[in-house]
A.B. asks: 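Would you mind keeping the following structure in view while I ask a few things?
Just follow the structure's listing: the first ligand is 1, and inside any ligand the first atom is 1. Residues: numbered from 1 along the sequence shown.
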Amino acid sequence: MANPHQEMWTGALAHVRNNYPALCRGWFDGLEPMPIDNGVFRVRASSAIHRNYLQSQCLDAFADAMQAVTGRLMPVRFMSDEDESNFPGQTARAPSARATPKLDFDNPAVLPGRGSTHKPIERADQPASAAGRNAGSDVVVPKQPRVSGLMPKPNPIRTLRDDTGQLFNPDYTFETFIPGPENQLAFSAAQAVAESPAAVYNPLFIHGGVGLGKTHLLQAICIRVLETRPDTIIHYISCEGFINRFMDAVKAGTMPSFRHSFRDVDLLIVDDIHFLAKMDRSQEEFFHTFNSLYQMRRQIVLSSDAKPDQIPHLEERLISRFKQGLVAEVETPCFETRLEIVRTKVGMRGIKMDEDVCVAIARHTSSSVRELEGVILTLDARAQAMKTKLTEEMVIEFLGLPKSAARPLISIQRIIDAVTEHFGCKTHELQSKRKFRSIVYPRQVAMYLARHHTRYSLKEIGGHFGGRDHSTVIYALETIEQRVKDTPSCQADIEQLTRVLLQNPHKSSSGGQ
Ligand code: ADP
Ligand code: MG
């Protein structure tokens, strides 16, 4: 029987897509409505990380959507399988009781029960220790034994200590990270560390400018480890969080539990470690934390805006420790990587954007990926508000560039060079009247590109390709337009050639430049 709530949910989803496009993600399609419970519309997400994103970012939008669809107030609650399996028979718990519990590090009763007998991460899969560790790390575990039916089952997300107050971003996975020559080492190393913590690079130190993907990679490690080794105890924290927690612990006289919370973990990830600079006592504490973890063969991952030896006021002994594993840089991505990132971000958010607009954004936004994303979102919001399709000219105008920055004028010769190189044919063949299949398609592609990237008339274009009349050119354009829609290989040819032409509008393959 069809889910009776599906219709309501479909309406709500459409409302959110129309009214809150910046919140939407492709994976919203996989959300599953559940029966209404005590007046609450419940929706199942595929993981706790997705649920957390929805609960923290999207609750108001969906409540608004539900009201729009049903005409009445209807609270929405997002859940994941973990919620359900943790509370068998209690699917109707009140919202406050369901919130992810806050871990209390200063109450040893709720910390993982691990002492000197702690097993290294490679052995963390053993059932007995896994159950103990998960239960112990969870603040909902009472000191007295519970009625067995209500005992929480291991829940991966609760092994996570995220002191930043930020939740993990489900967008920050390895799958959505675009590798390129500028970040390949960091990307591969992060994957290797997630695959085999404490076995390959320890510590892994990722550095680079702002908005270049450091936090993305750090969170991708956490998300992958949570998926593949749910028993792993991860402590993910910003450096500022570490410093604040340290100072609070000093003031409150709770250093033992502070140390316990940082040193009794499998994986410690500290984002923006350069903030340790000048913080003498915090540096000292971090030094000991580092040593303790390192000696016990636990994985440490750090990010920074500079190389270890270029972080001002960092003690020599920390510099040398940070350098003893792998130091990998993320640099500003090149055009090719930027274009791939634009395509990915656009796809993830379900935005429809023509290739030439993606190319224009990638061409003209070259500082950081964060800026690139900002441009995509703002332009999309503008296009939606104006109920118009985004064009390259809008990109140029939005970025405050002169009109001359718009698509460069490309010569027919440049197009011929690119097409002959791409298809491995000869210039004289393109310009001949020969009708071999092998040359007709490249010639039609060349005409199509000439029409889109030059100001020549149909007749002039025909003149460059064997003196063909304008109806032959129209036929070529229509043929390619159709094939772009129907044939992925043709679409790929056009995309690749467009990219080559826009990236290098004046290059001459005959050695001219
Ligand atoms: P940083 O921590 O280096 O300042 P972030 O990790 O916060 O930068 O990245 C900023 C934004 O850019 C994020 O939305 C992230 O997803 C995106 N980003 C950066 N590099 C890439 C990449 N190579 N592929 C996909 N997205 C990226
Ligand atoms: Mg960051």
A.B. asks: Should the pair Trp27 and His50 be assigned to parallel (<30°), tilted (30 to 60°) or perpendicular (>60°) ring geometry?
C.D. replies: perpendicular

A.B. asks: Could I get the full list of ring-ring contact (aromatic ring centres under 6.0 Å, His included) partners for Phe423, not counting sequence neighbours?
C.D. replies: Tyr441

A.B. asks: Given Arg298 and Leu268, is the side-chain contact (heavy atoms from CB on, under 4.5 Å) satisfied, shown in steps?
C.D. replies: CA-CA 8 Å; Arg298 309 287 161 72; Leu268 174 67; over 6 Å; no

A.B. asks: Under 2.8 Å from the Mg ion (ligand 2), how many protein N/O/S atoms can be counted?
C.D. replies: 1

A.B. asks: Let me check something: any side-chain donor-acceptor pairs from residues 179-196 under 3.5 Å, sequence neighbours excluded? List them with distances.
C.D. replies:
residue: Glu182; atom: OE1; partner: Thr337; partner atom: OG1; Å: 3.2
residue: Glu182; atom: OE2; partner: Cys334; partner atom: N; Å: 2.9
residue: Glu182; atom: OE2; partner: Thr337; partner atom: OG1; Å: 3.3
residue: Asn183; atom: OD1; partner: Gly180; partner atom: N; Å: 2.8
residue: Asn183; atom: ND2; partner: Ile178; partner atom: O; Å: 3.2
residue: Gln184; atom: NE2; partner: Ser188; partner atom: OG; Å: 3.1
residue: Ser188; atom: OG; partner: Gln184; partner atom: O; Å: 2.9

A.B. asks: Measuring from each atom of ligand 1, which residues have a heavy atom under 4.0 Å away?
C.D. replies: Tyr172, Thr176, Phe177, Ile178, Asn183, Gly209, Val210, Gly211, Leu212, Gly213, Lys214, Thr215, His216, Ile341, Lys345, Val369, Arg370, Glu373

A.B. asks: Do Ser261 and Arg245 have a side chain donor and acceptor closer than 3.5 Å?
C.D. replies: yes

A.B. asks: Using the ring of each side chain (for Trp, its six-membered ring), is Phe290 parallel, tilted or perpendicular to Phe322, with breaks at 30° and 60°?
C.D. replies: tilted

A.B. asks: Looking just at side-chain N and O atoms, do Asn291 and Arg321 make a donor-acceptor pair shorter than 3.5 Å?
C.D. replies: yes

A.B. asks: Could you tell me whether Arg317 sits above the aromatic face of Phe287, with NZ or CZ closer than 6.0 angstrom to the six-membered ring centre and within 45 degrees of the axis?
C.D. replies: yes

A.B. asks: Is Val357 close to Leu379 at the side-chain level, that is, under 4.5 Å between some pair of heavy atoms?
C.D. replies: no

